[in-house]
Amino acid sequence: MDITAPRPELWTRIAALLGALRTLLREAVPEHFHKIAADARAQLIAATALVRRYIHVLAADIILPERAVGVSPKNYNETPRTNKARREALFRLIEETRLARTASKSDGADTPFVQWALMMEAARRLALVLNHPERHALRLARMLRRRKGRVLKDLPVPGHIIRRLPPWTDALLLRLDEEARPQDWAGINSG
């Protein structure tokens with residue numbers, strides 16, 4: 001991982017949690033993953049929330065240039081391009097609140113090997129995002145320029161998951177949430 005990442009006091013702690021998760025997953029026997037699945041899932045949920053808020057903190061420090069007034073975003077003199085399929089983002093930067101959904105056929109029905117493989121891929125993607133957070137922060141800053149409204153949930157990680165993690169994880173999550181959503185924390189810390 002890249003030690004020169006911005007805000008190393010935050011980055012190193014997030015990297016430690018993600019590193020512990022990846023070690024746990026690498027050392028697990030995929031066929032017997034069900035024995036540690038709940039703990040691994042809790043670590044993955046916390047690491048995802050930490051990385052997402054870290055990117056939000058970095059994006060808040062980015063100052064984008066002003067948009068030019070009256071200039072079309074497309075140059076009509078250039079030849080038309082073919083429509084390219086949009087790439088799926090490596091990591092979702094915005095937490096959208098969704099209505100409660102019914103359980104899908106795969107919820108909890110996947111084999112331990114499939115659950116392990118999915119978590120390995122999710123942890124790999126988180127590591128890729130954490131290796132180059134500036135790129136994702138710039139993408140988020142551009143996205144937030146267009147988007148209005150809430151972009152992060154009030155409760156980053158449910159309480160039953162926080163109880164499975166060390167106390168420092170909860171403290172780091174609260175610190176990052178406070179920096180990522182300062183307007184929501186303004187009334188809490190005053191007075």
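Heads up: numbering here begins at 1 and tracks the sequence.
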How many angstroms lie between CE in M119 and CD in Q43, if you round to the nearest 0.5 Å?
-> 8.0 Å

Applying salt bridge (Lys or Arg N to Asp or Glu O under 4.0 Å), name anything that partners E121, two or more places apart in sequence or on another chain.
-> R124, R125

Do L130 and Y54 come within less than 4.5 Å of each other through their side chains, counting heavy atoms only?
-> yes

side-chain contact (heavy atoms from CB on, under 4.5 Å) against D39, all qualifying residues, sequence neighbours excluded | R164

Shortest non-hydrogen separation from A40 to F33 and the atoms involved | CB-CZ, 3.9 Å

Drop me the distance from R13's CZ to L173's CG, to the nearest 0.5 angstrom.
-> 13.5 Å

For L44 and A123, which heavy atoms make the closest approach, and how far apart are they?
-> CD1-N, 4.2 Å

Are the side chain of T23 and the backbone of G19 linked by a donor-acceptor contact shorter than 3.5 Å?
-> yes

Excluding sequence neighbours, so at least two apart, what forms side-chain hydrogen bond (donor to acceptor under 3.5 Å, both in side chains) with R52?
-> E95

Residues that L93 engages under side-chain contact (heavy atoms from CB on, under 4.5 Å), provided they are two or more places apart | I55, F91, H136, R139, L140, M143

Answer whether the closest heavy-atom distance between the side chains of W168 and L17 falls below 4.5 Å.
-> yes

Let me see the working for D170 and L165 under side-chain contact (heavy atoms from CB on, under 4.5 Å), right down to the final yes or no.
-> CA-CA 8 Å; D170 187 27; L165 301 170; over 6 Å; no

Hits for side-chain contact (heavy atoms from CB on, under 4.5 Å) against P182, two or more places apart or cross-chain, chain-then-number order -> none

Tell me, do L176 and L50 make a side-chain contact under 4.5 Å, heavy atoms counted?
-> yes

What is the minimum heavy-atom distance between A137 and A59, and which atoms define it?
-> O-CB, 3.4 Å

Got a sec, which residues hit side-chain hydrogen bond (donor to acceptor under 3.5 Å, both in side chains) with R41, two or more places apart in sequence or on another chain?
-> Q115

State, yes or no, whether a side-chain contact exists between T48 and I45 at a heavy-atom distance under 4.5 Å.
-> no

Applying salt bridge (Lys or Arg N to Asp or Glu O under 4.0 Å) to R175 and not counting sequence neighbours gives E9, E179

Tracing side-chain links under 4.5 Å among I, L, V, M, F, W and Y, which residues wind up in one group with I62?
-> L64, L138

By side-chain hydrogen bond (donor to acceptor under 3.5 Å, both in side chains), D154 pairs with (sequence neighbours left out) R150, R181

Would you check if P112 and P30 make a side-chain contact, meaning some heavy-atom pair closer than 4.5 Å?
-> no

Name all residues meeting the side-chain contact (heavy atoms from CB on, under 4.5 Å) criterion together with E31; count only those two or more places apart in sequence or in a different chain, and write none if there are none.
-> V29, F113

When you measure from the side chain of W116 to the backbone N and O of L25, does any donor-acceptor pair fall under 3.5 Å?
-> yes

So, for P133 and L58, which heavy atoms are closest and what is the spacing to 0.1 Å?
-> CB-CD1, 3.6 Å

Please report the closest heavy-atom contact between A28 and I36, naming both atoms and the distance.
-> CB-CD1, 3.6 Å

Before giving the answer on side-chain contact (heavy atoms from CB on, under 4.5 Å), spell out for D184 and E178 the whole-Å C-alpha distance, their side-chain angles and the decisive distance to 0.1 Å.
-> CA-CA 8 Å; D184 294 333; E178 181 179 3; over 6 Å; no

Taking a hydrophobic cluster as the set of Ile, Leu, Val, Met, Phe, Trp and Tyr residues connected by side-chain heavy atoms closer than 4.5 Å, whether directly or through intermediates, do L128 and V51 fall within one such cluster?
-> yes

